[in-house]
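Let me begin by presenting the structure, written as C-alpha cells, before commenting on it.
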Amino acid sequence: MPEGPEIRRAADRLAEAVVGERLVSAWFAFPGLQRFEKRLAGCVVESIAPHGKALLTRFDNGWTLYSHNQLYGVWRITDAGQRSDTGRSLRVALETERKAILLYSASDVAMWRTDELHAHPFLSRLGPDVLDSTLDEAAVAARLLDPRFAGRSLGGLLLDQRFLAGMGNYLRSEVLFAARLLPQRRPRDLQASELAALARELLSVPRHSYATRGIEHAGGMRADYLTDTPDAFRFLVFDREGEPCPACGTRIQRQQNGSRRLYLCPSCQR
DNA sequence: CTTTAAACCTGCTGGC
DNA sequence: TGCCAGCAGGTTTAAA
C-alpha cells in the first residue's frame with residue numbers, strides 16, 4: 001500500500017535481513033514459479049533494490065525476482081522457520097540460515113533473467129526513480145520540459161511512472177501544494193520560478209517522506225499523524241478536506257483528478 | 001497523442 | 001456477529 005518512499009524503506013529492511021546470505025529454501029504460491037524453488041535454494045541474494053514501486057531481488061544464479069505490491073502487497077521479515085499467521089495469503093517465502101522474508105497478497109510477481117530485465121514491459125518504460133540520489137533539480141526541470149511531458153497537465157503527469165518512477169497519489173497532492181501549483185497547469189506554461197519550485201519539491205517531498213518514515217503505518221490510513229520526530233513527514237493537504245490550509249487558513253478542497261482523489265488549497269495554489 | 005473510465009488484484013472499514 | 005458495498009496509497013486496457 002505504498003508509494004516510492006515506503007517501497008524503498010521496505011527494500012532497505014529486506015536487504016539488511018538477507019543480502020549477502022545464502023538461501024536455504026525458496027517457496028512460491030504461483031504454480032508458474034514453483035520450478036524456481038530448487039534453482040534458488042543455495043543461491044546468494046546479491047541485492048534488493050526498488051525501481052519506483054517495483055522491487056528487484058537479484059540472485060547470484062543470473063535470475064531476478066520482480067515484484068510489485070500494487071495497493072495491498074506487503075513484505076514481512078521473520079526469523080528462519082517462523083510463519084507469522086497474518087490472515088493474508090502468502091505468495092513468496094525466501095529463507096536463509098537466520099532470516100526469512102515473506103511476501104503476502106501481491107499478485108504481480110515474476111522471475112526474469114537478470115540480463116533480460118531491461119525488456120520487462122513495466123520496468124522498461126519507467127522514468128528515473130524520484131528517490132535516486134543522483135537525480136538533481138536541473139535534471140528534473142529538464143525532464144519537465146521534455147516534449148513528451150511539457151504539454152501534459154501536472155495532475156496526470158505526476159502519477160505517470162514514465163515521468164518519474166515512485167511518485168504516487170499522496171505525493172502528488174503534497175508536491176503540488178508545496179510548489180503552490182494547480183493540477184491543471186502544464187510544464188511548458190510555467191514561469192521559470194514556478195518550474196524551479198516544482199523541480200525542487202518533486203525531489204524534496206519524496207525525500208523527506210523517505211527520510212522520516214513517510215506514512216508507514218501500523219494498521220491505519222492516517223498513521224502519518226503518529227510520527228514522533230519534530231521534522232516528521234505530515235500530510236499538509238492530502239486527506240484533509242475541509243481543514244484549514246496550514247499556510248493561509250483557507251479550507252482544503254478535495255477533487256477528482258483522473259479517477260484518483262487530489263487535495264489542494266485553492267488560495268495558495270495557482 | 002492525451003484524458004477518462006472501467007476492470008483487475010486484494011484487504012479493510014463502515015453501515016445495515 | 002455477519003455480510004456486503006464501497007474505498008484504497010496502483011496499473012492496465014479500452015474508449016473517447
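A note on names: the letters A, B, ... follow the listed sequences, proteins ahead of strands, and every chain is numbered from 1.
Between the side chain of A/T86 and the main chain of A/R88, a donor-acceptor pair closer than 3.5 Å is present.
Residue A/R260 places at least one side-chain N or O under 4.0 Å from the OP1 or OP2 atom of C/dG10. Within the structure, every side-chain polar atom (N or O) of A/S89 is placed at least 4.0 Å from both OP1 and OP2 of B/dC9. Note on A/H68: every side-chain N or O is 4.0 Å or more away from OP1 and OP2 of C/dG10.
The nucleotide whose nearest atom lies closest to any side-chain atom of A/R88 is, among C/dG9, B/dT10, B/dC12, B/dC12. In the set C/dG9, B/dT10, C/dT11, B/dT10 carries the atom at the smallest distance from any side-chain atom of A/S107.
No more than 12 heavy atoms of other residues, nucleotides or ligands sit less than 6.0 Å from atom CZ of A/R180.
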Dump the pairs, protein N or O against N or O of nucleotides 1-5 of chain B, anything under 3.5 Å, distances to one decimal.
from, atom 1, to, atom 2, distance (Å)
B/dT2, OP1, A/R148, O, 3.2
B/dT3, OP1, A/S153, N, 3.3
B/dT3, OP1, A/S153, OG, 3.2
B/dT3, OP2, A/R152, NE, 3.1

Write out a two-atom table: protein N or O, nucleotide N or O from nucleotides 13-16 of chain C, distance below 3.5 Å.
none

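Figure legend: cation-pi geometry between A/R76 and A/Y104, with NZ or CZ positioned under 6.0 Å from the six-membered ring centre and within 45° of its axis.
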Given the rule in the salt bridge (charged side-chain N to carboxylate O under 4.0 Å, His left out) test, do A/E194 and A/R185 qualify, once you have shown the distances and angles that lead to the verdict?
-> CA-CA 10 Å; A/E194 294 176 319; A/R185 300 291 298 279; 2.8 Å; yes
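When the P atom of C/dG9 is taken as reference, atom CG of A/N169 falls 5 Å away, rounded to whole Å. Rounded to whole Å, the distance from CD on A/E3 to P on C/dT11 is 9 Å. With rounding to whole Å, A/L159 atom CG is found 7 Å from C/dG10 atom P. What separates CD of A/Q70 from P of C/dG10 is a distance of 10 Å, to the nearest Å. When the C1' atom of B/dC8 is taken as reference, atom CG of A/L71 falls 11 Å away, rounded to whole Å. Atom NZ in A/K53 sits roughly 8 Å away from atom C1' in C/dG9 (whole-Å rounding). The interatomic distance linking A/Y72 (OH) with B/dC12 (P) rounds to 13 Å, in whole Å. Summarising the geometry, the separation between OH on A/Y170 and P on C/dC7 is reported as 23 Å, rounded to the nearest angstrom.
The minimum heavy-atom distance linking A/P187 with A/L195 is given by the pair O-CD1, 4.1 Å.
Side-chain atoms of A/R58 and A/T114 form no donor-acceptor pair, as typed in the model, at a separation below 3.5 Å. When only modelled atom types and interatomic distance are considered, A/N169 and A/R172 share a side-chain donor-acceptor pair under 3.5 Å.
With a cut-off of 3.5 Å on both Watson-Crick or G-U wobble distances, the partner of C/dG9 is given as none.
A chain of hydrophobic side-chain contacts below 4.5 Å, direct or via other Ile, Leu, Val, Met, Phe, Trp or Tyr residues, connects A/L181 to A/V237.
Spacing between B/dA6 and C/dG6 at atom P, rounded to whole Å, works out to 14 Å.
Residues A/K99 and A/D79 are paired through a salt bridge, judged by an N-O separation under 4.0 Å between the basic side chain and the carboxylate.
Put simply, the side chain of A/E6 reaches to within 4.5 Å of the side chain of A/S209, judged on heavy atoms.
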